[in-house]
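Remember, predicted model here, so these are calculated numbers, not experimental data. Hydrogens, waters and symmetry mates are skipped; everything else that's a heavy atom, side chains included, is used.
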Amino acid sequence: MTSVSLAIRWNPIDWPLTQGPIPYAVLAAGWASLVLLALTRDRRWRGRRPLGAVLLALTLTVLVKVVVDDWWHPFPEGLPDYVLRWIGLALLAISLAGFRAPLLSGRRRLYAAGGAALVLLMAASQVNRGFDQYPSARMMLAPKTQALTTGKTPQTVSPPPGKALADVWQAPAGLPDKGTVSSAPIPGTKSGFDARDAYVYLPPAYQASPRPLLPVLVLLAGQPGSPSDWVTSGGLQQRMDAFAAEHQGLAPIVVMADQIASSMGNTLCMDSRIAKAQTYLAEDVPDWIRTHLQTATGRTSLAIGGMSLGGTCSLQLAVNAPQVYGAFLDISGQAEPDLGGHAETVGKAFGGDEAAFAAVNPANLMATRSYPDTAGVFAVGAGDAAFRPQQEAMYAAARQAGMKVEFQPIPGGHSWWVFRDALEQNLPWLAKQTGLIP
């Protein structure tokens, strides 16, 4: 075992947070703390006090659900049940500590507060286990980036008609083993969209001279989310570098663009009263790619993909801008863009104009148009009760519209376990669709 691998193994920020002993230790400590908060020999801790703590926790939990799901609507599908349950347990611990505080001395109050903190940590850990957003502490950190390579070389390699790039590419001596990740602003020149910085993965072969003209995958995160999610939670660089290692340094360029402008925002990826997000993704982002990067050109060399809301967006762009994107990867997307219900969505985005919504909604478009030159994959957690039926409906509609599509149930639910696996297992498919490998 090398010194580098030993350092990674024993570095605490690389210890697994969703598997192994750590989450179970946190779970045990949290439940023990909750029991100690609830039970005591103090005769004063009887009757109204524990009952009041329970009733307060229940009231606050219901209030959280009403505020988040009925008033605020930050998540179209609402809070998952398991998340609400863990929120309720955390609120119960806080309530118990608060009701017991008047009965305790100064040091014991600190113990009660510490117990409530452990329950909060347990709740956060279990929610993280469910979604697998942060498999390790390192993945909570901002991704390390390098300066973006924008220079263009006069010598390039591209395949002749009927051939893939891998058929004519020979990796030069000294090619780096790993690609690079950079952050870069992509301005909304035509759309006026105020996007956060994108992240760009350039594979090892992009650093070669002559440079192969590589295809591009525009990859979108979910909501709440950030373009960096695919680098941190998604482990994108490791997966792309592994693919490149098997193909002489060749892999798609990945541009992780921002389609929502803020972590909790939802532009629906449409041109509407909210923003011109479709114009941004269909024009501004491809224009920026052509200007700043040296890549293959044409719709067959440009694919779009994403998870959750990003998956919904990928299908939308595939049907609204088929002249731009020739392939899409819809991971756990929705049946239609959603702000918390059809009526609310149409009202907020289009002033109640159903025709305007139907003119850009994928289900409506696929019912009336044919897309024989578009290829796609619908991937979703096999146990995802909310999103699997929606993906199945969109897959059937896409087949009816003449698309060359696949449906892939993947073990798991609506989590990064599924999102990461879906991207990794479809990299060969994307590479074939975009002319990278035969």
Side-chain angles (χ1 to χ4, degrees), residues 15-135 137 140 223-224 263-264 266 338-341 344 383-386 413-415:
W15 292 352
L17 299 180
T18 57
Q19 302 180 74
I22 291 179
Y24 288 103
V26 172
L27 186 65
W31 277 115
S33 298
L34 188 62
V35 170
L36 291 173
L37 284 169
L39 301 179
T40 179
R41 294 180 180 179
D42 191 333
R43 293 181 179 180
R44 294 173 296 173
W45 184 247
R46 292 179 181 177
R48 295 181 180 180
R49 288 183 184 274
L51 180 60
V54 171
L55 290 176
L56 177 60
L58 285 173
T59 301
L60 291 175
T61 303
V62 171
L63 184 60
V64 167
K65 179 172 177 56
V66 170
V67 169
V68 174
D69 289 351
D70 298 333
W71 295 350
W72 185 14
H73 282 323
F75 320 114
E77 299 80 21
L79 285 171
D81 290 341
Y82 79 93
V83 173
L84 193 63
R85 286 194 295 269
W86 286 111
I87 289 174
L89 276 177
L91 291 172
L92 177 59
I94 294 171
S95 298
L96 288 169
F99 273 75
R100 287 194 62 182
L103 308 178
L104 302 174
S105 62
R107 180 176 293 181
R108 290 187 176 184
R109 287 181 185 177
L110 289 177
Y111 292 158
L118 280 174
V119 177
L120 284 171
L121 180 62
M122 173 182 69
S125 173
Q126 292 304 304
V127 170
N128 187 41
R129 286 187 70 196
F131 201 54
D132 202 43
Q133 179 87 30
Y134 302 113
M140 298 182 190
Q223 181 268 348
S263 181
M264 302 299 291
N266 190 348
D338 187 10
L339 290 174
E344 183 172 346
D384 191 341
H414 198 72
S415 73

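- Of all the heavy atoms in Leu96 and Ala53, the pair that sits closest is CD2-CB, 3.7 Å.
- Residues Ser33 and Gly115 come closest through the heavy atom pair CB-O, 3.5 Å.
- Thr61 OG1 to Arg85 CZ: the interatomic distance, rounded to the nearest 0.5 Å, is 12.0 Å.
- Side-chain atoms of Trp86 do not come within 3.5 Å of backbone N or O of Met122 as any donor-acceptor pair.
- Expressed to the nearest 0.5 Å, how far CG of Leu104 lies from OG1 of Thr40 amounts to 7.5 Å.
- A donor-acceptor pair under 3.5 Å is absent between the side-chain atoms of Arg100 and the main chain of Ala112, judged by distance alone.
- Across all non-hydrogen atoms, the minimal contact from Ala116 to Ala97 is CB-CB, 4.1 Å.
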Residues Leu118, Val26; criterion side-chain contact (heavy atoms from CB on, under 4.5 Å); working and verdict
CA-CA 8 Å; Leu118 280 174; Val26 172; over 6 Å; no
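- Rounding to the nearest 0.5 Å places CG of Leu120 at 12.5 Å from OG of Ser125.
- Residues Leu58 and Leu91 are not in side-chain contact: their nearest non-hydrogen atoms beyond the backbone lie 4.5 Å or more apart.
- By the 4.5 Å heavy-atom criterion applied to side chains, Leu60 and Ile87 are not counted as neighbours.
- Remark: the backbone N or O of Asp338 is paired with a side-chain donor or acceptor of Asn266 at under 3.5 angstrom.
- The shortest non-hydrogen separation linking Tyr82 to Phe131 is OH-N, 3.6 Å.
- Scanning both residues, Ala57 and Gly88, for their nearest heavy atoms gives CB-O, 4.5 Å.
- Gln19 is not listed as a side-chain neighbour of Tyr24, based on a closest heavy-atom distance of 4.5 Å or more.
- Atom CG of Leu37 and atom OH of Tyr111 lie 14.0 Å apart (nearest 0.5 Å).
- Side chain of Gln223 to backbone of Pro74: a donor-acceptor contact under 3.5 angstrom is found.
- The shortest distance between side-chain heavy atoms of Leu56 and Phe99 falls below 4.5 Å.
- The two residues Phe75 and Pro224 have their closest heavy-atom pair at CE2-CD, 3.2 Å.
- Under the side chain to side chain contact (heavy atoms under 4.5 Å, CB included) criterion, Arg41 pairs with no residue at all, not counting sequence neighbours.
- Judged by distance alone, the side chains of Arg129 and Tyr134 never bring a donor and an acceptor atom under 3.5 Å apart.
- Under the salt bridge (charged side-chain N to carboxylate O under 4.0 Å, His left out) criterion, the residue pairs touching residues 47-72 are Lys65-Asp69, with sequence neighbours excluded.
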